[in-house]
Every structure is written in C-alpha cells, then in structure tokens.
Amino acid sequence: MTHTDTSVSSTPPASSPAALVVLTKRTDFLAAARARREATPAFLLQARKRRAEDADPDIIRVGFTCSKKVGNAVARNRAKRRLREIARQELPNHGYPGWDYVLVGRKDATASREFEALRRDLAKALRAVHKARK
RNA sequence: CAGGGGGGCUGGAUGGCCGCGGCCGUCAGGUCGAGGAAAGUCCGGACUCCAAGAAGCAACGGUGCCGGGUAACGCCCGGGCGGGGAAACCCGACGGAAAGCGCCACAGAAAUGAAACCGCCCCGGCGUGCCGGGGUAAGGAUGAAACGGUGGGGUAAGAGCCCACCGCGGGGCUGGCAACAGUCCCGGCACGGCAAGCCCCACCGGGAGCAAUGCCAAAUAGGGACCCCGUGGCGCGCGAGCGCCGGGACGCUUCAGCCCAGGGGUCCGGGUUGGCAGCUAAAGCGUGCUCGGUAACGAGCCGCUUAGAGGAAUGGUCAUCCACGGGGGUAACCCCUGGACAGAAUCCGGCUUACAGGCCCGCCUGCGCA
C-alpha cells in the first residue's frame, strides 16, 4: 500500500501523532480476526499488533465489517458510519500506533445504542485488548 | 355529508459542533453531493468487444384482437370484443380447433363420425304386471361440457320432421384505415371443449457484457506439451503477376470479399491484478409558451444544469420545531415513546414489487339544503 489516501481523517491536530489508515486487503482482515478480540454490547473489536516489516509502524490502521447479518444495505451503511465515527473520535487517543483494529457491527445494536455509550465501549475495549497483550 | 371509483404529487424542516467525496481556488475558503422506487434484475435500447459481410433456409427463443405513439419494447394511448358492477369504472396469454396428432379424470347408458340406463309409444306372448322385439333424444339421472334454445304445429310416442324468433354457418351490402358492428339473403344445423398440450400462421431476435473495452506504467515471460486440417494443382508469362480449380473458421446453402502458409483445439507454466480513459450535457429536465393531435406524443421557442464514487463519499451527534400514531396523567395542556419503504455503481425507456403519514384535481351513487 503506497498511496496515502485516508478516508477517515488526515492528521488531526498535532497532539495525536498517529495517522489513521483504512484497511482494504482481505488478508489484513483475516489476520486481525485470528489475533485478539473483545466483545462489547454493540460491536466486536478485533486487534492485532503488526509485525515490524508489514507497514509504517507510526500509523494506526482500522477496518470495518458489517455483513449481511446486520441487515439490508441501509442498516449496514448506518452501522458502518457509526463505527467509523467512534473510530475517528477514539482511536487517535486510545489506539496504539503499529496496530490494526477491526470493528464488526451487530444487528440492531450497533445502530440503536446511545452514541456516548458506544464511544465508552470502544475506549474500554481498547484498554482490554491492549492489556491482554501481556 | 356519507359511500364508491380514477388520476397526480409529496416522502419531515431549521440551526449548532465534528467529519467524508467531486470540482473550483492564491494557502483562506467556495460550491455540489441518493430514490420514487436508487430495489427485483423481468423486458427494451444506447454504448463496447467477439465473429467474416449479405441473402435464404433450418433450429431455438420471444410476442400474439385492431390502429397509433416511440430509438425500441412484452411499455404507453385510443378503439373493438368478452366478462364484472346500479354507476363512475375495473378486469382479460383476446390469432387459428373444417391442416394434422393428442387429451377430455370422476360421474354417467353415452365425451364425437356416436350412444337406449330409467322413462314414453307400438307390436307379440302369457301366469295381468312382467318378459321379448321394435320405435323414440321430448322428460329423468350424471357431468365443467350431452350433436342448438324457446314457443307452436305435428305424431302411436317423438324428433329441424315443419314454422316463427334467437343462436350457428355461408354469401352480399352499408359504416369503419382496421379489429369489428349493423342489415339483407341463403342453409334446417352439418362444425363440442382444450392451442397457459404438441402444433399451424404472422411478426421480431447473432453472442457476451462497463469486472465490457481502450491507453499508459511497472514487473515477469517473450514460453512448453499434445492433437487435428493444411502448407496445393493446372494453364499463360522471361518475370512481377494473372486466370481457373482446390482448400481455410459460424448449423446448412448460395453469392461477394479476404487469406494461401498458416489456421484451429486441449492442457501446463509465468506475470499483473497500479494509474488514466470509458464516466456522465443526455433518446436530459420543465405545473413555461405557441402550434398539431381525442390521447399517448410530436414540432418550434424559452428557461435550467441536476452525484460521479471506484475495497466504493453523500455522514455522525445534539437541540428546536412539524405532522401523525401509541401509552400515561381528570381536563385546556403536559410527559414519555416511535418517524414508511428503503442507499446510486456505465447510462437511458418501461414493467413489477415495497411504502408511515399527508396534500391536490375530476368522476359516480345516495341523502340533505337552495
């Protein structure tokens, strides 16, 4: 991946150094799914620390999965957008550079859970998944 | 006012804060950014590539009353016919059954070149209410359907046996572009239904699809194996070449063109799966005007520019309002909760299906009022 297109955000204010890049490769999704995971009421977080040679160790990469199980196209889109929004807000502060994260939507719950709760869920899940590293 | 029926529109609004994609721009910023169905992918096209052009035939598929509209259609408009409804109006695979084949279950005597179960009538017999022979399709019974229907004459009882009307068939005339309708004459009736069974007739149709396709860059390769048909003949010419025959790839045939030493098929191996184009100003849109047309629609003029992503943006969140539904509180009112169906992927024209609530315009029937 050489192009630097970041559909989530270009660098937010200098305070958070880690850039966000969206996952596109199937293999990256599969790798994240095989690594550690943390469930929350409204989504599932999968996370993986990349090996050094994989990609730029300063960036955070994130992917979103909403399968047919989530619902029709409208429901999938909404779930994906809300996940994208919490990732945009939380990952620069709570994510680790050099890691890949995948957020998996759930039927109804992803769309209906209160937004602030959704943000807290992600922050909490990130702590849990990092701690499990030990 | 109530009930019914047709057509059209709409598909929450405003504002903070934080974001995304395209375009423009001097960095600031500006500007545009989902639907009526974007859906199902069911028809019709445009556009690409594949094949080698045309005509005919065959096969396969589709369409199916008539006329018109359209780029085209299985769509739309108008008309006809049939059916439903009191009406407005709605519904209809609506060509051909005397070209042929096939089928018509169950029931019923009989389901198509007819057929006698009961009954009716006549004759004969005797043991006087039964048997035998014959006539009869009017009645009963069966069925979705019984070789026309109703009435009268006629008869042993009956029967298109005869008559009138209706139906049916044939022919003529009138109206209509036509489907068809009306009317007159002829025929005593011969011809049951099913073509969402085969089929016949008419018309239409080559295949695959934007992951089509073209260009650029990088990298690797610049391949291998097997099979099939060929690399031709004759003549003229010093020769280039020309002529004839032969051969070459779509189902067949014919004609034209091209090729003549390569063409075709199967399998294996290697590489790329980056960028740009295609891509959105078009069969475009309009409560606009004029003209033609019953209309669909067409012509001219005048406006308008209305997503263009590409592992795929068009959002997240919070207020306030606004309809409407539900629940609660005694009420004016307040509180809580819910906001239809659904997300562009090359683009158009249709069809079909989904859809909370709201709005508008004609029409029909009934009641009331004037």
Side-chain angles (χ1 to χ4, degrees):
Chain A
M1 298 252 35
T2 52
H3 72 98
T4 54
D5 170 52
T6 63
S7 63
V8 165
S9 167
S10 37
T11 25
S15 60
S16 68
L20 278 178
V21 168
V22 174
L23 287 180
T24 57
K25 295 276 189 194
R26 178 176 164 78
T27 50
D28 290 334
F29 281 90
L30 293 176
R34 276 196 306 275
R36 55 202 74 250
R37 59 178 61 193
E38 184 67 26
T40 77
F43 61 89
L44 177 70
L45 175 69
Q46 300 171 337
R48 162 177 167 263
K49 184 177 183 357
R50 287 195 303 278
R51 278 176 295 185
E53 68 273 20
D54 274 351
D56 186 348
D58 291 333
I59 62 173
I60 299 175
R61 298 199 304 176
V62 61
F64 306 93
T65 299
C66 289
S67 72
K68 284 261 176 83
K69 275 188 278 185
V70 174
N72 63 15
V74 174
R76 291 200 302 275
N77 275 347
R78 176 159 169 82
K80 211 185 292 180
R81 288 190 206 110
R82 297 191 89 206
L83 291 178
R84 194 146 51 207
E85 193 64 16
I86 58 168
R88 190 176 68 83
Q89 294 184 4
E90 299 302 323
L91 275 182
N93 299 324
H94 300 287
Y96 286 179
W99 282 58
D100 286 351
Y101 302 96
V102 172
L103 283 84
V104 181
R106 291 190 196 277
K107 184 171 173 58
D108 300 332
T110 306
S112 62
R113 186 159 172 84
E114 204 177 316
F115 191 71
E116 286 306 316
L118 212 54
R119 290 181 63 175
R120 286 194 299 273
D121 288 344
L122 178 58
K124 186 176 160 196
L126 284 171
R127 281 194 298 275
V129 84
H130 291 149
K131 188 173 172 186
R133 182 73 186 142
K134 299 291 180 276

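Residue numbers begin at 1 in each chain, while the letters A, B, ... track the order of the sequences. Reckoned from all heavy atoms, side chains included, excluding hydrogens, waters and symmetry mates. None of these values were measured; they are calculated from a predicted model.
A distance of 11.0 Å separates CD of Glu85(A) from CZ of Arg81(A), quoted to the nearest 0.5 Å. Remark: Arg119(A) CZ to Arg82(A) CZ distance equals 12.0 Å, nearest 0.5 Å. Rounding to the nearest 0.5 Å places CH2 of Trp99(A) at 10.5 Å from CZ of Arg48(A).
Contact annotation for Arg76(A): no contact, since no heavy-atom pair falls under 4.0 Å across all strands.
Between Asn77(A) atom CG and A34(B) atom C1' the separation is 11 Å, expressed in whole Å. In this entry the distance linking NZ of Lys80(A) with P of A312(B) reads 8 Å, nearest Å. One can place CG of Leu118(A) at 21 Å from P of C18(B), the figure rounded to the nearest angstrom. Atoms CD (Gln89(A)) and C1' (C20(B)) sit 14 Å apart, rounded to a whole Å. Atom-to-atom, CZ of Arg88(A) to C1' of U317(B) comes out at 10 Å; the value is rounded to the nearest Å.
Between Arg81(A) and U314(B) there is a side-chain N or O to OP1 or OP2 distance below 4.0 Å. Listed pair Arg119(A) / G316(B) fails the phosphate criterion, with no side-chain N or O lying under 4.0 Å from OP1 or OP2.
Taking 90° from 0 as the syn/anti boundary, the base of G36(B) is oriented syn. G78(B) shows a glycosidic angle more than 90° from 0 and is accordingly assigned anti.
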